[in-house]
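Contents: one structure, followed by commentary.
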Amino acid sequence: MKQVKAYPAAITIFGAKGDLTKRKLIPALYNLFTDHHLPAAFNIYCVDFLEVDENEFRKDMLAGINEFSRSGTAEEVKWNEFAARLFYVQGDFLKKETYTALDERLKAFEKQNEQNSTRIFYFATAPRFIEIISEALYKNNLCNRDGLDRIVIEKPFGTDLESAKKLNRFLGKRFSEKQIYRIDHYLGKEAVQNIMAFRFANYVFEPLWNRKYIDHIQISVTEQVGVGKRGGYYDSSGALRDMIQNHLLQLLCIVGMECPKAYKSEVIRDAKTKVMKSVKAYTTPQVFKNVVRGQYTAGSINNMPRPAYRKEEQVQSGSNTETFVAAKLFIDNERWKGVPFFMRTGKSLPAQSSVIVVQFKDTPHKIFKDDIVPNRLIISIQPELEISLLFESKVPGLQMKLKPVEMDFTYKESYTETIPEAYEALLLDVLHGDATLFMRADQIEAAWKVVMPIIEAWEKYPEKELHMYKAGSCGPTASGALLKPFAKEWYELPFTKTEKAIPNLKSL
Ligand code: BG6
């Protein structure tokens, strides 16, 4: 368990009235508090421009905890203690008064504790406010102590390589890299953090983890949700920017990175950045051969009708924005040369599921009559947290008949510990000044470099090869074609899996 930090913590959240604050940040901070991970002295200042009564704001946050927290309904006594440290600061992000008021609050808190505090400034705002708030924090000297003051930036970090570089430069002039925490919440997920433990604490897999034994890797992040109320943001983003540029490429880095020299933030981030920089960039014709985009049309999910993407709130009626992407990528280095990394993600699919499948090569020498299913390592990140290994086994009986079976590790069966939410892990790391699970400037730029040729090709040919798929289906069939030259298929996700396809599978 991480140590409770001695310094008091002053946590400021810009964007108090946003969804992220209510659904994720406050429930995460509340759980950290009840699990005794926060320092004894802490205050949370939630800033937004609306006039809101502080008690009403607290009630709204309590409703957020009751609805979204992993720990369920808040306990009255604990909540009252927590609520006494939760404040609403009304203020316009554009006005100096907001920062003056905040400065007074922070100074008063530090005076009351008779010592400095770790100051965290969390930008849970629309991206357009990042520079504005940063500049104000800088000019008003609110965040200038290198070792104590930190800013936390949500994605999207830029909208392309140029804007990400510009933002990095802008922030770099005002804060040290050590003070900047760029969030990708996938990195805080328990099962994602476990991939490093799995790879680097189990020597048995290391000799196999390369092009000699691995045939290909699949990374799938499917979502049942549509764009909901986020149409305005999503329509100018799309699945490539929203999911591939960050979450899926981060997963690729963890699976593909070399073993770092030590479990140290910068060493790990170096290793991840190195592999990101080795992802092969495509030319425009290569983009259309190796990347498939799709958009959902009207359909139904769980017997509930789902409108076509183009009919969703705040989405342009003729929009060509992709709600599904499948891509085949290669890492140009000695370990991975020639091994395809297939990734796919989409909205309005039959279920939510994030799975990494490492498919090993066929046995070179076949001595059995039965077809042999190659070994597969399946890392399930959500909804279930599991790792399983698929291998062939003799069916009991008088004949030599084979059938694939699975060896499973499930969190449910192996641990009684609570699984923290990604935001709990990440917020605690920010408090501890541990940037291991955050993206560094160079890594984020390297990720943009991977997706830029795709963005550019699609911008040049906006209608070319936009494959429609029905909401509730498994995405455009064209995505299957990506794997065909390799005579492979997408791994059947839990929601499409049948007993027949992979015998003896436990239902996930
Ligand atoms: C966010 C995306 O970063 O991740 C959303 O902006 C997406 O569009 C979400 O729904 C998925 O996260 P999770 O944790 O639900 O898989």
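Indexing begins at 1, ligand by ligand and atom by atom, following the structure's order. Numbers for residues simply follow the sequence, beginning at 1.
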Answer whether the closest heavy-atom distance between the side chains of Leu377 and Phe360 falls below 4.5 Å.
yes
Can you list the residues that meet the ring-ring contact (aromatic ring centres under 6.0 Å, His included) rule with Tyr469, with sequence neighbours excluded?
Phe324
Within the heavy-atom cut-off of under 4.0 Å, ligand 1 is lined by Lys155, His185, Tyr186, Lys189, Glu223, Arg230, Asp242, Met243, His247, Lys347, Gln352, Gln382
Do any N or O atoms from the side chain of Gln295 and from the backbone of Ser319 form a donor-acceptor pair under 3.5 angstrom?
yes
Which residues share a side chain to side chain contact (heavy atoms under 4.5 Å, CB included) with Arg230, sequence neighbours left out:
Tyr233, Asp242, Lys347
Name the orientation class of the two ring planes belonging to Tyr138 and Phe175 (parallel below 30°, tilted from 30 to 60°, perpendicular beyond 60°).
perpendicular
Please list all pairs passing the ring pair (Phe, Tyr, Trp, His ring centres under 6.0 Å) test where one or both residues lie in residues 299-321, with sequence neighbours left out.
Tyr296-Tyr309
